[in-house]
Amino acid sequence: MKLAKAYQPELYESDIYALWEKLESFKPAQHGDPYSLVVPPPNANGNLHMGHALAFALQDIAARYQRSIGKSVLFIPGADHAGFETQVVFERELEKKGKSRFDYSRESLYQQIYDFVDNNRDNFATQIRRLGASVYWPSYTFTLDKEIVRLAYDTFRKMWQDSLIYRGERLVNFCTFHGTAFADIEVEYREEKGTLWQIKYPLTDGSGSIVVATTRPETMLGDTAVAVHPQDSRYKDIVGKTVRLPLTNRDIPIIADDYVDRNFGTGAVKITPAHDINDYDVGKRHDLPFITVIGFDGRLTHAVPERFRGLTVVEGREAIVKELTKLGLQVGATEHIHSVGHCYKCSTVIEPLLKEQWFVNIKPLAEPAIAELKKGSINFLPLVKRKQLERYLETIRDWNISRQIAWGIPIPAFQNEEDPDDWIYDERVDQETITVNHKIYRRDPDVFDTWFSSSSWPYATLDYPDGNNYKRYYPLSLMETGFDILMPWVSRMLMLGLYITGQIPFRTVYLHGLVTDKHGLKMSKSKGNVVNPMSVIDKFGSDSLRIGMISGQTPGNNQPYIEAKVIGGRNFCNKLWNIARFVESLVDDFNNRTEAKTETDADHWILLGYSKLLETYVSLMDSYRFSEAFENLYHFIWDDFADWYIEASKVSPNPPLLAALLEAVLVLAHPFAPFLAETIWQTLELSPESVLSSRQLIRLKTADNHKANNFNHIKDLIISVRSTIKAVGAKDVVLYIRNIHSTPENNDVIKRLSQLKSVESTEEGRGIAVSGTSIDCWLDIDQKLIDNYLRTLDIKIAETRTNIDRLQTRLNNKNYVDRAPAELVNQSRSQLVEAEQEMENLLLEKQRYKS
RNA sequence: GGGGCUAUAGCUCAGUCGGCUAGAGCGCAGCAUUCACAUUGCUGAGGUCCAUGGUUCGAGCCCAUGUAGCCCCACCA
């Protein structure tokens, strides 16, 4: 089969992926050291975005590279039910039909969302295939798969038995629009302008009053104390007295607590234990009553005077301030900037509300994780993220794992109808009530936080505890994910991994940054700056997208999506394609070719280049420096192979060597351009038994360094000649080259690549001397151009002088000579000798033309 | 309030152990054109490595301070 003139990815990509699947190319090899990685499961309901394109590129490059060095690679794909996220998406669908989640039972809602996600699954898997991800599909895992649910239950039960789970009425972050609680980390804080009101609370005994400062007057109806600082002399005498809470007939105590900041506001704080996290702590310390005045619907409750009941928080605030003002109790209002928590989906202000929830006592889990981090047993890229994670774990609060949504794993806990404190663990979650010991228990309607189950991902996907995969591939070699989920996900995987398996869950964590638009702004639908990876593939091909994403990429930094980089990738693919076409034109049968012999200087030079490349490539790939590895490969293929070696080949072709080089280079390129490399491999029918994707790195024969270096001199000469010809504006020039440097074949290369009229061997110099090369040679240029030549000569003389001065200054510095490594000093010395020689030649040359 | 990141060519970014003339891609200027490839080739211009101070024989890199932009965490009633 012949290669077409230009690479058209759309003609090949889907066939190539199908071929890989048919041949089970991504099935882990029987032999070889294990290397494992798991896709951080994208939301099963959605389309992949640019962040996924980057993540899959990085992961797949790692996987393919590791296969090429003989590892047994297990690369596991998966999808996340993404509880709350997905329910929100589904609710929007319902909304379009004029329905809401309240129209259905929890079971029905679950089933509908399940079907909805199931319908989208093909779409999702197709996109992963289009990205070329070399995942092993039979190991595909979904976060609601039986085994995953099983593990979530086992984990919950183990924690229950270890007394790490407790149920408590705590303040939770509650979104009154979505009707569910969130973990601390899910709340989005924003700086906002608010008002700080000063409100006078009269003392019950009529002996005066105390003024408190608050941004939330509506919660005063739930106040159960006023707090001042114990050392605050202003209030010393009234601590222990009570105040009559305005708008109510309750008397509440004035207490002393050093939580209070004397310098803020009036130094007196109203304490509302049921609606503020700090007040909650104060309330606990002082054993105050908890009065809930805001309900889960975001409206004032029955605990407030009738005229305020049912008002929203905002309405209540207005009404209360109005009434206080009328009573003369509102004695000040100043603008105040503070940060307010919002629901990250709907922006509703998060209310801290008292709610019974399941919590994980996190300290015992965090401590071993911190210890592992400190030991450095996990390699972080970038390293700085390790410290950040450590700090996060040191201050982490207990983890609320209940969510009040339908889409998720039901919590396997039941409550005694008679005794609310009697909770039992039971997995019969398909039943609303169960009977145990003649007592009726009612199922907790809540589901687990998504992170609770997805944090078991590293071992759950490996069939913990009995699976062979677990035994062979745990801990994972690599966890590649976005740095935005370092805290919510990576931290929890680490804690759970240690807790359940007793081992770290992964050896290396690679964190990529956010893919922004070209101006560095976050991509979002509302800004209209979203680029869809699938349309990029349509336009430029999958490999081009991949190369565009990883070139210049480093871990931990955001990176803009730049189309020019994708185009650069496309051009590279085209270059490699055309190299293959050139080689194809010289080789009849790739499988029955004679062994490559090394003949010309160019042959030795390219072989030496390849072996250097191979060494650099392996060391960079091993340390996850993909961008640099690719850059080296890119320049070898484009500059060395195409621009020099192939050009030289046109003078004296060595087809077997060209074929061997092409083959070798395709193996190195395939992690970066898998579709292209495989297409060439298949089309040229290289090693027909195996696809490229299971081919290991190829070591070529060694080169003669002396001959290779000879070609370097030829290269320098050609560059100098080109540059000189251009500078003086000559055409059709003859080059004379001294006999000892000359071989007929190199002369032909020089002639061709410098576009000379001819190259002739000579004993004596004729014409102008070519500088910047160690080969003695002369260009026979037209006398009329001598002035131009002298000008370029002067420029060169000036440059050389600068160089000599710099080297001399350095060598005159006694400290340098004494303290710098001898190797370096010697290098400087020989550089100086060289430069001086060059100067001498240049001056002589100038002298020749002076008259 | 605590912690962190970033600042290098017109643009987007690399730069590992500090090593001497700081790189890439794109863009720009000029030249080339039936040749594997115009998705091309060749030649070239373009930098106070944010600022100041320090350490060092030597600093883009290490230390200190500052400036600008960004992020994370946590509490501000």
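Labels below follow one simple rule: chain letters A, B, ... track the order of the sequence lines, proteins then strands, and each chain is numbered from 1.
With both ends at atom C1', the span from B:G19 to B:C62 equals 15 Å, rounded to whole Å. For the P atom pair drawn from B:U8 and B:C61, the interatomic distance equals 14 Å after rounding to whole Å. A gap of 23 Å separates the C1' atoms of B:C35 and B:G30, to the nearest Å. Rounded to the nearest Å, the gap between the C1' atom of B:C63 and that of B:U55 is 7 Å. On the C1' atoms, B:A14 is 15 Å away from B:A7, given to the nearest whole Å. Using P as the reference atom, B:G60 and B:A22 are 10 Å apart when rounded to the nearest Å. Nucleotides B:G15 and B:A9 place their C1' atoms 14 Å apart, quoted to the nearest Å. Atom C1' of B:U65 sits at a distance of 43 Å from the matching atom of B:A29, rounded to the whole Å.
Within the 4.0 angstrom heavy-atom criterion, only backbone atoms of the sugar-phosphate kind lie near A:T554; the bases stay farther away. Among the atoms of the strands shown, only primed sugar atoms or phosphate atoms (P, OP1, OP2) are found under 4.0 Å from some heavy atom of A:N557. The residue A:L753 sits apart from the nucleic acid: no heavy atom pair falls under 4.0 Å. When heavy atoms are screened at a 4.0 angstrom cut-off, A:P382 is found touching no nucleic acid atom at all. At a threshold of 4.0 angstrom between heavy atoms, the contacts of A:A642 include nucleobase atoms, whether or not backbone atoms are also involved.
The side chain of A:E628 lies closest to B:G15 when the candidates are B:A36, B:C72, B:G15. Side-chain proximity of A:H635 to B:U21, B:A36, B:A24: nearest is B:A24. If you check B:A36, B:U40, B:C20 against the side chain of A:N571, the one that comes closest is B:U40. Considering only side-chain atoms of A:S723, the nucleotide from B:U21, B:G44, B:G15 that sits closest is B:G44. Looking at the side chain of A:R752, the nearest of the listed nucleotides B:C35, B:G25, B:U43 is B:C35. Taking only side-chain atoms of A:A820, from C-beta outward, the nucleotide of B:U21, B:G19, B:G2 with the closest atom is B:G19. You'll find that the side chain of A:L620 is closest to B:U16, out of B:U16, B:U43, B:C13.
Across the protein-nucleic acid pair, A:E838 atom CD and B:U21 atom P stand 17 Å apart, rounded to whole Å. Atom CG of A:N813 is separated from atom C1' of B:G19 by 13 Å (rounded to the nearest Å). Computed from coordinates, the A:K565 NZ to B:C26 P distance equals 13 Å when rounded to whole Å. Remark: C1' of B:U40 and CG of A:N578 are 9 Å apart, rounded to the nearest angstrom. One atom, CZ of A:F630, and another, C1' of B:A14, lie 14 Å apart when rounded to the nearest Å. Taking atom NZ of A:K5 as the reference point, atom P of B:U40 lies 13 Å away to the nearest angstrom. Separating the CD1 atom of A:I562 from the C1' atom of B:A24 is a distance of 14 Å, rounded to the nearest angstrom. B:C13 atom P lies 13 Å from atom NZ of A:K518, rounded to whole Å.
In this model, a side-chain donor or acceptor of A:E647 finds a partner on the base of B:A36 within 3.5 Å. Taking only distance into account, the side chain of A:K731 never meets the base of B:A32 through a donor-acceptor pair shorter than 3.5 Å.
The shortest distance between the side-chain N/O atoms of A:K522 and the OP1/OP2 oxygens of B:C70 is not below 4.0 Å. At the phosphate of B:C42, neither OP1 nor OP2 sits under 4.0 Å from any side-chain N or O atom of A:K726. Within the structure, every side-chain polar atom (N or O) of A:W638 is placed at least 4.0 Å from both OP1 and OP2 of B:U40. Phosphate contact (OP1/OP2 of B:U43, side-chain N/O of A:R722, threshold under 4.0 Å): present. The phosphate of B:U21 has OP1 or OP2 within less than 4.0 Å of a side-chain N or O from A:R810.
The glycosidic torsion of B:C17 lies within 90° of 0, placing the base in the syn range.
Side chains of A:S828 and A:Y816: a donor on one and an acceptor on the other come within 3.5 Å. In this model, no donor atom of one side chain and acceptor atom of the other lie less than 3.5 Å apart for A:E218 and A:H275. Side-chain contact annotation: A:D223 with A:Y201, donor-acceptor N/O pair under 3.5 Å present. The closest side-chain donor-acceptor pair between A:R791 and A:N788 falls under 3.5 angstrom. With no hydrogens or angles considered, a side-chain donor-acceptor pair links A:T272 and A:K270 at under 3.5 Å. No side-chain N or O of A:T616 forms a donor-acceptor pair with one of A:N632 less than 3.5 Å apart.
In terms of position on RNA chain B, the residue among A:R625 and A:I718 whose nearest nucleotide sits closer to the 5' end is A:R625. Residue-to-nucleotide proximity on RNA chain B shows that, of A:D639 and A:S627, the 5′-proximal contact is made by A:S627.
None of A:R801, A:R806, A:E799 except one satisfies the side-chain hydrogen bond (donor to acceptor under 3.5 Å, both in side chains) rule with A:N803; the exception is A:R806.
Aromatic ring orientation, A:F182 versus A:Y344: perpendicular (interplanar angle above 60°, classes split at 30° and 60°).
Looking only at side-chain heavy atoms (C-beta outward), A:I606 and A:W644 stay at 4.5 Å or farther from each other.
Remark: A:E615 CD is loosely packed, at most 12 non-hydrogen atoms of other residues, nucleotides or ligands lying under 6.0 Å away.
Close placement of the A:F572 and A:Y634 rings is indicated, their centers lying within 6.0 Å of each other. Note: A:H336 and A:F264 meet the aromatic proximity criterion, with ring centroids under 6.0 Å apart.
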Show me the protein contacts with nucleotides 74-77 of chain B, counting only N or O atoms at under 3.5 Å.
| from | atom 1 | to | atom 2 | distance (Å) |
| --- | --- | --- | --- | --- |
| B:C75 | OP1 | A:R397 | NH1 | 3.2 |
| B:C75 | O3' | A:N278 | ND2 | 3.0 |
| B:A77 | OP2 | A:H336 | NE2 | 2.7 |
| B:A77 | O5' | A:T215 | OG1 | 3.1 |
| B:A77 | O3' | A:T214 | OG1 | 3.1 |
| B:A77 | O3' | A:T215 | N | 3.2 |
| B:A77 | N6 | A:D261 | O | 2.7 |
| B:A77 | N6 | A:F264 | O | 3.1 |
| B:A77 | N1 | A:D261 | N | 3.2 |

Would you please test A:D261 and A:H229 for side-chain contact (heavy atoms from CB on, under 4.5 Å) and show each step? CA-CA 7 Å; A:D261 175 358; A:H229 194 273; over 6 Å; no
Under the 3.5 Å Watson-Crick or G-U criterion, the dot-bracket string of RNA chain B, with | for inter-strand pairs: (((((((..((((.....[...)))).(((((.......))))).....(((((..]....))))))))))))....
